[in-house]
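Because only heavy atoms are used, hydrogens play no part in the values below, and waters and symmetry mates are left out as well, while side chains stay in.
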Amino acid sequence: MEMRNLPVLLLLSVAVCSAYPLDRAAKDEDDSMNLVQQYLENYYNLEKDVKQFVRRKDSGPVVKKIQEMQRFLGLEVTGKLDSDTLEVIRKPRCGIPDIGHFSTFPGMPKWRKTHLTYRIVNYTLDLPRDAVDSAIEKALTVWEKVTPLTFSRINEGEADIMIIFAVREHGDFSPFDGPGNVLAHAYAPGSGIDGDVHFDDDEKWTKDTSGINLFLVAAHELGHSLGLQHSTNREALMYPVYNTFTDLARFHLSQDDVNGIQSLYGPPTASPDDPVVPTESVPPEPGTPAKCDPALSFDAVSTLRGETLFFKDRHFWRKSFRTFEPEFHLISSFWPSLPSGIDAAYEVISKDSVFIFKGNQFWAIRGNEVSAGYPRDIHTLGFPSTIRKVDAAFSDEERKKTYFFVEDKYWRFDEKRQSMEPGFPKQIVEDFPGVYLEVDAVFEAFVLPSGWLSSWQHKTYGSSRHHTYKKHHP
């Protein structure tokens, strides 16, 4: 009797054991989905009443939010919650949002003075007081070296930058969340709480990388206190996800961080001990383009990770929806190997790349880095040997097509097949009515009437005037 019952008992045992990992897997999936939901709400402005979005394959707005997050964090833009995406969102990070309208950053404020005071109101028990003092001082020096700003510490009263360690709810309606996830947050320049830095004292703060390094987090948060928002550059200190540096003694700001802070405050002022460079050894600065010149035309226009770049000669304007005024830079300050006077530029969002054309060559850039293997010859794209340069280009992300304008004709490139489509070139005037001049620059972008997204439009710039067309694809 016992022998006859044995196989049944074994089968029951297998059934019970196999059910447990299934339940565990379902719970892990639920935990991941809840984490992603909260992440998008906190850092990418997802509406909080969007529920159960992960289980709905038709949840278009949320897919766009995931793509927005992946694009900002430098991940492959899939719109799916793949392992790389989940790995990044589980990492500790700054509590300031990456995307959206920030109540703490209206109008890109900055300090209207160059000498600022700071006060360490209380201390963590994880480190000796002098170690905390040293970490904060070192973090301020990082920014002091590349700006005209100076800092002094006070021990009582109200400082410009008040620094505290706190746990959970601490009086600013932005409670911390315990160990991991949010490490700290800071407020943009201003009076009262603005400019202040708060550290989550539930973290394990350390002088090295055995826990959370106080110096690195303090330097990041103080960047916010000085007016910087998050950067999409994964090498930048202002990247939102906590990164450890193997050699803390040789830490230095990335060029992206330097460009950002100097766009607010300029470079450091020369000290009396600095060597004086004779005037005759400095080459004269050529005239820079004036953005309000009614005769101004652009060499190329492209988007880049949600911003718009306008290229002219050896300069470019960088316009973000988070800023009122466009930033003005040298091309070489971001991409030293790129030429000036480029012919065309366009972004392929799915590749997180912008392609830059000059003469018979083109480059691919990702953030502030030029991709390996470039420049390449434009004829590798399928142009006939008679074509020496491209006048303008734009990429239609929805249809995976890129349009190239050359004199009075245009070609269409299939991004999926990586080849020119048959039947081209075609006449520009036939498929883009009203464009009778040779095209200098063209881009495809959202138009924002009264603050709301409207239909796609092509903006095509001729040599002396511009035309705007509703979306039309031949």
Side-chain angles (χ1 to χ4, degrees), residues 21-100 177 180-182 230-236 239-243 302-307 321 346-355 364-367 369 371 394-402 413-419 444-446 453 456:
L22 289 176
D23 291 342
R24 178 69 174 274
K27 184 180 184 301
D28 289 345
E29 183 180 2
D30 285 342
D31 290 343
S32 296
M33 298 309 102
N34 290 334
L35 175 63
V36 172
Q37 175 103 19
Q38 189 175 31
Y39 201 91
L40 293 175
E41 289 176 356
N42 291 343
Y43 307 121
Y44 290 88
N45 206 27
L46 177 69
E47 295 293 335
K48 293 185 181 294
D49 59 352
V50 179
K51 300 299 182 184
Q52 305 296 327
F53 68 84
V54 180
R55 296 166 183 80
R56 293 182 52 197
K57 295 183 179 180
D58 60 342
S59 188
V62 176
V63 170
K64 290 181 179 179
K65 282 293 179 187
I66 294 173
Q67 291 173 332
E68 188 175 19
M69 173 183 67
Q70 291 169 328
R71 191 172 301 118
F72 191 94
L73 296 177
L75 302 168
E76 183 181 1
V77 181
T78 63
K80 300 176 182 178
L81 299 175
D82 50 55
S83 58
D84 289 342
T85 301
L86 289 172
E87 180 184 357
V88 170
I89 68 174
R90 288 191 176 106
K91 290 182 177 180
R93 58 160 291 148
C94 173
I96 301 299
D98 300 333
I99 298 294
D177 55 5
N181 298 324
V182 175
H230 282 150
S231 170
T232 59
N233 186 329
R234 301 180 90 169
E235 304 301 319
Y239 186 69
V241 178
Y242 175 72
N243 287 322
S302 175
T303 52
L304 170 59
R305 294 177 176 174
E307 300 181 340
F321 70 86
Y346 67 90
E347 180 181 27
V348 178
I349 296 174
S350 60
K351 296 180 180 178
D352 189 28
S353 295
V354 173
F355 293 90
I365 60 175
R366 296 189 69 183
E369 295 183 354
S371 299
F394 78 90
S395 190
D396 179 354
E397 185 68 20
E398 181 182 350
R399 300 183 65 195
K400 307 299 182 186
K401 309 289 185 184
T402 297
F413 184 82
D414 190 315
E415 291 290 345
K416 289 183 178 179
R417 296 189 173 123
Q418 287 292 290
S419 62
E444 184 178 57
F446 276 120
L453 294 178
W456 285 91

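One distance of note links NZ of K351 with CD of E415; it measures 4.5 Å at 0.5 Å rounding. Taken from OG1 in T85 to CG in L73, the straight-line distance is 8.5 Å, to the nearest 0.5 Å. Put simply, NZ on K401 and NZ on K416 are 8.0 Å apart, with the number rounded to the nearest 0.5 Å. We find the OG-CD distance between S350 and E347 to be 9.5 Å, quoted to the nearest 0.5 Å. Residue L75 holds its CG atom at 7.0 Å from CE of M69, rounded to the nearest 0.5 Å.
Counting heavy atoms from C-beta outward, F72 and P240 have side chains that approach closer than 4.5 Å.
Among all heavy-atom pairs drawn from N233 and Y239, the shortest one is O-CB, 3.4 Å. When all heavy atoms are compared, the tightest approach of T303 to V354 is O-CG2, 3.5 Å. Minimum heavy-atom separation, T402 to S395: OG1-OG, 3.0 Å. For the residue pair F355 and V348, the shortest heavy atom distance occurs at CE1-CG2, 3.7 Å.
In this structure, the side chain of Q70 engages the main chain of G79 through a donor-acceptor pair within 3.5 Å.
The pair D352-R366 meets the salt-bridge criterion, since a charged nitrogen lies less than 4.0 angstrom from a carboxylate oxygen. With respect to the salt-bridge test (charged N to carboxylate O, under 4.0 angstrom), the residues E68 and K65 qualify.
With sequence neighbours excluded, the residues that form a side chain to side chain contact (heavy atoms under 4.5 Å, CB included) with D177 are N181, V182, D200.
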- Task: Go through the steps to decide whether Q67 and I349 satisfy the test side chain to side chain contact (heavy atoms under 4.5 Å, CB included), and finish with yes or no.
- Result: CA-CA 10 Å; Q67 291 173 332; I349 296 174; over 6 Å; no
- Message: What verdict does the side chain to side chain contact (heavy atoms under 4.5 Å, CB included) test give for D84 and E76, after you've listed the backbone C-alpha separation in whole Å, the side-chain angles of each residue and the deciding distance to 0.1 Å?
- Response: CA-CA 9 Å; D84 289 342; E76 183 181 1; 5.8 Å; no
- Test F413 against Q418 for side chain to side chain contact (heavy atoms under 4.5 Å, CB included), laying out the working first. CA-CA 7 Å; F413 184 82; Q418 287 292 290; 3.6 Å; yes
- Message: Quick one, F394 with Y346, criterion ring-ring contact (aromatic ring centres under 6.0 Å, His included). Give me CA distance, side-chain angles, the key distance, then yes/no.
- Response: CA-CA 5 Å; F394 78 90; Y346 67 90; 8.9 Å; no
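Atom NZ of K400 is surrounded by more than 12 heavy atoms from other residues, nucleotides or ligands within 6.0 Å.
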